[in-house]
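Sequence lines set the chain letters: A, B, ... in the order given, protein chains first and strands last, and positions in each chain run from 1.
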Protein chains: 2
Amino acid sequence: MVRSDARENRGRIMDAARAAFAETGDVSMNQIAQTAGVGAGTLYRHFPTREALVLAVYQEEVERIVGSVTRLLTEMAPVDALRFWTLDLVEAMRKKHGLGDAISASALHKLNEETYDPVITAITQLLDAAKADGSIRPDADPGDFLQFTGALWRAQADGENRAPRMLDLVIDGLETH
Amino acid sequence: MVRSDARENRGRIMDAARAAFAETGDVSMNQIAQTAGVGAGTLYRHFPTREALVLAVYQEEVERIVGSVTRLLTEMAPVDALRFWTLDLVEAMRKKHGLGDAISASALHKLNEETYDPVITAITQLLDAAKADGSIRPDADPGDFLQFTGALWRAQADGENRAPRMLDLVIDGLETH
DNA sequence: ACCTGAACACCGTTCAAGT
DNA sequence: ACCTGAACACCGTTCAAGT
């Protein structure tokens, strides 16, 4: 039986952590607890370790992204859904790599492992819709696509963001036109 | 002008760090300083940061391995040199991944980046010798070879080490026989 | 059943004092 | 020119006391 204040605190901690990890990730546990407005012990009651907190935040993010596929496909044409969805994913990848110094190498590895399968499933779903639709070549491979987009998160240097343009290039190559 | 005690201390620090990082890597800077028999300040005079020390140790290791190629090629047949050398490299990879939790994700990334070129050069040198010798197929690719061996460092579970056997398999596939 | 926050052991790093 | 090691600010994590 979870008390309501416990669930509320968990939410506040997740919010604070999400905001904290958004760009750099070099934020201490005590800082996150303070921002969330809870004691350090509460933070550790919910997430027994720093790594657990980081993992929880990014698993939630991946779930959100992966879960949005079905809705996107009802709202727009498959190719547009693919484009929109991928930019969302690329942004999440950028955040993940922004963790950089603050996350241990093995924690990052675990993150990648637990993230791979659901992401591939989502890409497959999007590509299949676009193939059924006839807008994308039937031989387009989800793994290849992920590999390509994996390079896009770097493409956000000074000033403007080249990721959308590069993504257009990739998608254009996959289209039957 | 480097004082002789400074050079001696540097060597002692490197020795201590090499031993410390050999398996796990969760050793504090103060511990390393103590093992090396120097004050903490001396450690930081030589390596301004933890990351700098880790990098130095593994760059030295890579240099040693890469530098051994020429000598190996004069001492044994090219294919044997390739086999011997690769096992040495695999062992170094295992150590690197053993750092696991103790090294930051970005430091590990930097390590991989600074290590890639010299390693590929060494592999090329070995493969070229074995190709000239006629023992290995002329179309063998250094990048592919590195990719293959990159999987071998995991193959050292409980008891015995399967890496040599797996490597034999790879090399056998490359031989002209 | 859950929360608070002072406290703990330890970390990477610095710097005054020495030779 | 270099070394020592006590000290600093801070870290992740724990736990007695509260409600």
Side-chain angles (χ1 to χ4, degrees), chain A residues 1-21 23-58 98-108 110-111, chain B residues 1-21 23-58 98-108 110-111:
Chain A
M1 200 32 185
V2 243
R3 250 165 50 178
S4 68
D5 55 343
R7 182 155 54 237
E8 222 180 71
N9 278 333
R10 194 180 198 281
R12 268 214 285 274
I13 291 169
M14 287 289 271
D15 289 346
R18 200 179 308 115
F21 294 152
E23 290 306 317
T24 49
D26 65 339
V27 206
S28 79
M29 291 297 265
N30 286 308
Q31 275 169 41
I32 292 174
Q34 202 170 0
T35 309
V38 303
T42 304
L43 172 49
Y44 276 90
R45 161 170 277 264
H46 288 282
F47 305 97
T49 204
R50 180 175 229 277
E51 195 180 300
L53 179 59
V54 176
L55 251 61
V57 167
Y58 280 90
L99 286 163
D101 318 301
I103 203 181
S104 82
S106 65
L108 184 66
K110 204 177 290 180
L111 213 59
Chain B
M1 205 23 190
V2 241
R3 249 163 52 176
S4 67
D5 55 344
R7 181 156 53 240
E8 222 181 71
N9 279 332
R10 193 179 199 281
R12 269 215 285 275
I13 291 170
M14 287 290 271
D15 289 346
R18 200 180 307 115
F21 294 153
E23 289 308 316
T24 50
D26 65 340
V27 206
S28 78
M29 292 295 267
N30 286 309
Q31 275 170 40
I32 292 173
Q34 202 170 0
T35 309
V38 302
T42 304
L43 173 48
Y44 277 89
R45 160 170 278 265
H46 289 281
F47 305 97
T49 204
R50 180 175 228 276
E51 195 181 300
L53 179 60
V54 176
L55 251 61
V57 168
Y58 281 89
L99 287 163
D101 318 301
I103 202 181
S104 82
S106 65
L108 183 66
K110 203 177 291 181
L111 213 60

Which pairs, protein N/O on one side and nucleotides 13-15 of chain D N/O on the other, fall under 3.5 Å?
residue: D/dT13; atom: OP1; partner: A/Thr49; partner atom: OG1; Å: 3.0
residue: D/dT13; atom: OP2; partner: A/Tyr44; partner atom: OH; Å: 3.0
residue: D/dT13; atom: OP2; partner: A/Arg50; partner atom: N; Å: 3.0
residue: D/dT13; atom: O4; partner: A/Asn30; partner atom: OD1; Å: 3.4

Mind listing the N/O atom pairs, protein and nucleotides 16-19 of chain C, below 3.5 Å?
none

**Study point:** Side-chain heavy-atom pair B/Phe21, B/Ile32 within 4.5 angstrom cut-off
**Key:** yes
Check your understanding: Looking at side-chain heavy atoms only, is the closest gap between A/Leu53 and A/Met29 below 4.5 Å?
Key -> yes
Revision key, fill the gap. Rounding to 0.5 Å, atoms CG (A/Leu111) and CD1 (A/Ile103) come to a distance of 5.5 Å
**Study point:** Point-to-point distance, once rounded to the nearest 0.5 Å, from OG1 of B/Thr35 to CG of B/Asn30
**Key:** 10.5 Å
Check your understanding: Are OP1 or OP2 of C/dC11 and a side-chain N or O of B/Gln31 less than 4.0 angstrom apart?
Key -> yes
Review point. Counting only side-chain N and O atoms of B/His46, is one of them less than 4.0 Å from OP1 or OP2 of D/dC2?
Key: no
Can you tell me the distance, in whole Å, between the [atom1] atom of [X] and the [atom2] atom of [N]?
X: B/Gln34; N: D/dA6; atom1: CD; atom2: C1'; value: 14 Å
X: B/Arg45; N: D/dA1; atom1: CZ; atom2: P; value: 10 Å
X: A/Ile32; N: D/dC11; atom1: CD1; atom2: P; value: 11 Å
X: A/Asp26; N: D/dC10; atom1: CG; atom2: C1'; value: 13 Å

Revision key, fill the gap. The correct set of residues in residues 6-21 of chain A placing a heavy atom under 4.0 Å from DNA chain C is A/Ala6, A/Asn9
Practice item. Looking only at side-chain atoms of A/Val38, point me to the closest of C/dT4, C/dC11, C/dC2. Key: C/dT4
Study note, to complete from the structure: Taking Watson-Crick and G-U wobble contacts under 3.5 angstrom, with | marking pairs to another strand and [ ] crossing pairs, the secondary structure of DNA chain D is written ||.|||||...|||||.||
**Study point:** Polar contact flag, side-chain donor to acceptor under 3.5 angstrom, A/Asp26-A/Thr24
**Key:** yes
Exercise for review: Search all heavy atoms of A/Arg18 against all heavy atoms of A/Val57 and return the closest pair with its distance.
Suggested key: CA-CG1, 4.1 Å
Review point. So, for B/Phe47 and B/Ala56, which heavy atoms are closest and what is the spacing to 0.1 Å?
Key: CE2-CB, 3.6 Å
**Study point:** Under-4.0 Å salt bridge between A/Arg12 and A/Asp15
**Key:** no
Exercise for review: Examine distances only and state if a side-chain atom of B/Ser104 and a backbone atom of B/Ala107 form a donor-acceptor pair shorter than 3.5 Å.
Suggested key: yes
Review point. Between B/Ser28 and B/Gln31, is there a donor-acceptor pair closer than 3.5 Å when you use the side chain of the first and the backbone of the second?
Key: yes
Review point. Which residues satisfy the side chain to side chain donor-acceptor pair (under 3.5 Å) test with B/Glu51, sequence neighbours excluded?
Key: B/Lys110
Check your understanding: Can you name the salt bridge (Lys or Arg N to Asp or Glu O under 4.0 Å) partners of A/Asp5, sequence neighbours left out?
Key -> A/Arg3
